[in-house]
Amino acid sequence: MSDNKPTLLWLRRDLRLSDHPALCAALDQGAPVIPVFILDDCAEALGAAPKWRLGLALEHFAQVLEARGSRLILRRGDALDVLRDLVRETGAGAVHWSRLYDPAAIARDKAVKSALKEDGIDAQSHAGHLLFEPWTVETKEGGYYKVYSPMWRAVKDRDVAAPLPAPKDLRAPEAWPASDDLADWRMGAAMNRGAEVCLPYQQVGEEAAQERLAWFTRESIDRYKTRRDLPGIDGTSNLSENLALGEISPAQCWHAGLRALHEGAGGAETWIKELVWREFAYHLIYHTPQIATRNWREKWDDFPWNEDGSTAEVTAWKQGRTGVPFVDAAMREMYVTGRMHNRARMIVASYLTKHLMTHWRVGQAWFDDCLTDWDIASNAMGWQWAAGSGPDASPYFRIFNPETQLEKFDPDGNFVRAWIAEGYDTPSDTALSYFDAIPRSWGLSATDSYPRPALELSEGRERALNAYQERSF
DNA sequence: GTAACGTTGGA
DNA sequence: CCAACGTTA
């Protein structure tokens with residue numbers, strides 16, 4: 001250890017102190033640790049809402065580090081160039097980071113690692129973003145899982161290492177390298193919506209995430225199995241944005257879920273299974289990176305999708321004015337809160353890809369722009385699942401009916417009342433807030449009458465079924 | 001090779 | 001029941 005050359009901790013989607021293998025490994029070198037975040041092309045390319053939410057996360061995490069005598073160094077540019085600059089400026093001898101699994105990150109990290117090693121720098125990547133590294137889960141045939149249930153059975157009884165405690169001493173160096181000012185990065189610049197409307201819905205940082213996890217596993221997980229299906233109530237863990245940015249680790253969730261399970265909470269296993277869905281998405285994107293950009297099943301390539309994201313129908317879908325209440329409520333919920341209930345995601349995805357026969361990439365791109373819990377693997381898998389082009393996908397003839405879904409899962413109308421203002425004498429505050437959030441250019445007003453559907457549900461369903469059948473699916 | 005199975009449904 | 005085939009063991 002060392003001649004006291006500092007160690008760089010390259011942070012990306014691991015903005016936490018507890019259960020952070022890369023941070024612990026960096027500290028174990030015995031030298032000062034310099035945490036750094038790099039705004040590179042990967043981060044620059046984020047959609048409006050996820051980029052804004054990342055900015056909130058960085059602002060918060062920088063404060064957390066400062067409160068412990070450390071700092072978050074912010075730099076902009078090509079990751080390798082920046083890391084080399086920092087090595088030169090600080091005399092660092094090592095760089096540690098937590099692995100990511102999407103193709104762009106893998107390509108970048110691979111190049112960074114080999115270049116740094118050539119420079120004589122100790123470059124090390126670590127686990128932490130997933131429960132199970134994708135190359136450690138195999139079918140008996142030696143392949144990767146393409147169906148969820150067998151994967152679940154293969155991992156459910158595995159041991160997951162107990163979460164690491166947050167280090168007490170973050171080993172600040174005597175001198176810090178220069179840092180950009182976060183405000184200069186203008187992370188919210190593309191939020192041409194009322195960000196102040198969205199702000200109260202963001203659950204920023206490790207402490208808030210841990211509090212939520214503790215509350216959820218204590219008070220709510222027991223009834224998760226049934227309540228998770230109701231978009232009008234607070235029945236889910238609501239930890240997706242924190243998981244996406246690594247403000248909480250999946251292992252912390254896994255162990256909290258297991259604890260609840262052992263204490264007899266009925267819904268705990270169902271929730272743990274959802275964590276494994278996240279794993280499944282990452283294993284798929286690792287083994288088949290094209291899942292993020294192309295039909296996972298190539299036979300869908302010649303299906304006559306509408307690929308135009310600016311048609312009147314698709315614009316109405318994006319703006320939450322299709323005239324289908326479940327769809328519109330969900331799209332407005334996403335626009336205001338940055339998140340959408342899981343069941344609602346299935347409904348809007350089914351409606352877009354089936355009733356509107358629009359390519360899942362159009363929906364994926366809009367979610368890329370709007371979700372503060374945006375996660376490349378889950379988003380890609382979810383869209384392909386809904387469209388029918390993905391692994392373990394819903395069959396083509398499974399077309400969600402947004403009306404019967406509403407009767408089943410929003411029987412009291414809580415969800416619709418929360419997000420639709422038109423037609424109510426006293427609309428809810430949340431429903432009204434949508435009109436404060438949207439850009440003026442959309443030309444919508446809460447006093448408009450609720451739109452009539454441009455497309456009858458039965459008509460859309462028939463059209464889609466016929467198109468599928470014609471192609472002899 | 002065989003056979004069972006498949007997150008979330010609709011009518 | 002629909003209608004169906006790839007995945008898995």
Side-chain angles (χ1 to χ4, degrees), chain A residues 137-157 223-233 235-237 240 257 266-281 283-284 287-288 291 295-300 303 324 326-327 330 340-355 360 377-411 415 456-473:
Chain A
V137 180
E138 285 187 342
T139 66
K140 301 236 157 101
E141 306 273 306
Y144 64 97
Y145 281 103
K146 302 177 180 74
V147 177
Y148 170 78
S149 293
M151 168 156 163
W152 162 250
R153 288 191 288 270
V155 302
K156 66 196 268 290
D157 296 320
R223 295 174 295 165
Y224 176 73
K225 192 169 183 175
T226 50
R227 285 167 45 94
R228 70 178 182 136
D229 270 327
L230 309 176
I233 63 167
T236 67
S237 69
S240 53
E269 185 176 82
T270 307
W271 187 66
I272 293 170
K273 285 174 100 164
E274 297 302 317
L275 293 174
V276 174
W277 269 96
R278 177 175 175 276
E279 298 289 307
F280 184 47
H283 289 207
L284 285 168
H287 290 288
T288 52
I291 194 172
N295 291 319
W296 193 83
R297 292 183 198 280
E298 289 175 4
K299 71 171 185 181
W300 284 80
F303 187 77
V324 182
F326 206 155
V327 173
M340 190 191 294
H341 190 276
N342 170 253
R343 176 151 297 275
R345 293 188 202 211
M346 291 191 289
I347 307 289
V348 302
S350 171
Y351 183 79
L352 182 76
T353 58
K354 299 194 171 177
H355 288 86
W360 56 266
S378 296
N379 201 26
M381 179 189 71
W383 274 100
Q384 296 230 41
W385 180 86
S389 59
D392 211 4
S394 102
Y396 76 84
F397 49 82
R398 181 170 298 157
I399 298 175
F400 284 74
N401 181 329
E403 280 174 357
T404 49
Q405 286 278 310
L406 199 60
E407 288 161 22
K408 262 192 207 166
F409 298 113
D410 191 39
F415 185 59
E456 288 301 323
L457 289 176
S458 55
E459 190 188 328
R461 177 187 161 79
E462 280 308 304
R463 187 175 67 178
L465 281 175
N466 290 337
Y468 294 129
Q469 261 147 12
E470 266 172 37
R471 314 198 74 80
S472 70
F473 281 157

**Request:** Measure from the side-chain N and O atoms of A:Lys273 to the backbone N and O of A:Lys156, and report whether any donor-acceptor pair falls under 3.5 Å.
**Result:** no
**Request:** Determine the interplanar angle of the A:His283 and A:His287 rings, folded into 0 to 90°, and report it as parallel if under 30°, tilted if 30 to 60°, perpendicular if over 60°.
**Result:** perpendicular
**Asked** Angle class for the A:Tyr468/A:Phe303 ring planes (parallel below 30°, perpendicular above 60°, tilted otherwise)?
**Response**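 Parallel, since the angle between the ring planes stays under 30°.
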**Pair of N/O donor and acceptor under 3.5 Å linking B:dT7 base with A:Trp385 side chain** =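 Looking at the base of B:dT7, it does not pair with any donor or acceptor on the side chain of A:Trp385 (distance under 3.5 Å).
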**Request:** Considering non-hydrogen atoms only, spot the tightest contact between A:Phe397 and A:Leu465 and give its length.
**Result:** CA-CD2, 3.8 Å
**Message:** Tell me the closest heavy-atom pair linking A:Phe400 and A:Ser350, and the distance in Å.
**Reply:**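 In terms of heavy atoms, the two residues are closest at N-OG, 3.2 Å.
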If you look at every strand shown and take non-hydrogen atoms under 4.0 Å, does [X] touch a base, only sugar-phosphate, or nothing?
| X | result |
| --- | --- |
| A:Phe397 | base |
| A:Arg461 | sugar-phosphate |
| A:Ser350 | nothing |
| A:Arg153 | nothing |
| A:Lys225 | nothing |
| A:Glu274 | base |

**Request:** Between B:dT8, C:dT8, C:dG6, spot the one nearest the side chain of A:Arg297, thanks.
**Result:**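 Nucleotide nearest to A:Arg297's side chain: C:dG6.
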**Item:** A:Tyr396 side chain, from C-beta outward: closest of C:dA3, C:dT8, B:dG10
**Value:**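 Among the listed nucleotides, the one closest to the side chain of A:Tyr396 is C:dA3.
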Would you mind reading off the distance between [X] atom [atom1] and [N] atom [atom2], rounded to a whole angstrom?
| X | N | atom1 | atom2 | answer |
| --- | --- | --- | --- | --- |
| A:Met340 | B:dT8 | CE | P | 20 Å |
| A:Glu141 | C:dT8 | CD | C1' | 8 Å |
| A:Gln384 | B:dT7 | CD | P | 16 Å |
| A:Arg398 | B:dG6 | CZ | C1' | 9 Å |
| A:His287 | C:dT7 | NE2 | P | 15 Å |
| A:Trp271 | B:dT8 | CH2 | C1' | 19 Å |
| A:Lys273 | B:dT8 | NZ | P | 11 Å |
| A:Lys146 | C:dT7 | NZ | P | 6 Å |

**Asked** For atom CD of A:Glu462, is the number of surrounding heavy atoms from other residues, nucleotides or ligands below 6.0 Å larger than 12?
**Response** yes
**Request:** Sort by first number and list every stem of DNA chain C: at least 3 consecutive Watson-Crick or G-U wobble pairs, both distances under 3.5 Å.
**Result:**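 Looking at DNA chain C, the stems formed by three or more consecutive pairs are B:2-6 with C:5-9.
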**Request:** For B:dG9 and C:dC5, measure between their P atoms and round to the nearest Å.
**Result:**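 Between the two P atoms, the distance is 22 Å.
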**Asked** Roughly how far apart, to the nearest Å, are B:dT7 and C:dA9 at atom P?
**Response** 13 Å
Would you tell me if any nitrogen or oxygen in the side chain of [X] comes within less than 4.0 Å of OP1 or OP2 on [N]?
| X | N | result |
| --- | --- | --- |
| A:Lys408 | B:dG10 | yes |
| A:Thr139 | C:dT8 | no |
| A:Asn401 | B:dG9 | no |
| A:Gln405 | B:dT8 | no |

**Prompt:** A:Trp277 pairs by ring-ring contact (aromatic ring centres under 6.0 Å, His included) with which of A:Tyr145, A:Trp271, A:Tyr148?
**Reply:** A:Tyr148
**Message:** Under 6.0 Å from the ring centre and within 45 degrees of the ring axis: does the NZ or CZ of A:Lys146 meet both conditions for the six-membered ring of A:Tyr144?
**Reply:** yes
**Prompt:** B:dT7 base stacked by A:Trp277? Criteria: ring centres under 5.5 Å, plane angle under 30°.
**Reply:** yes
**Asked** Are side-chain heavy atoms of A:Ser458 and A:Arg461 found at a separation under 4.5 Å?
**Response** no
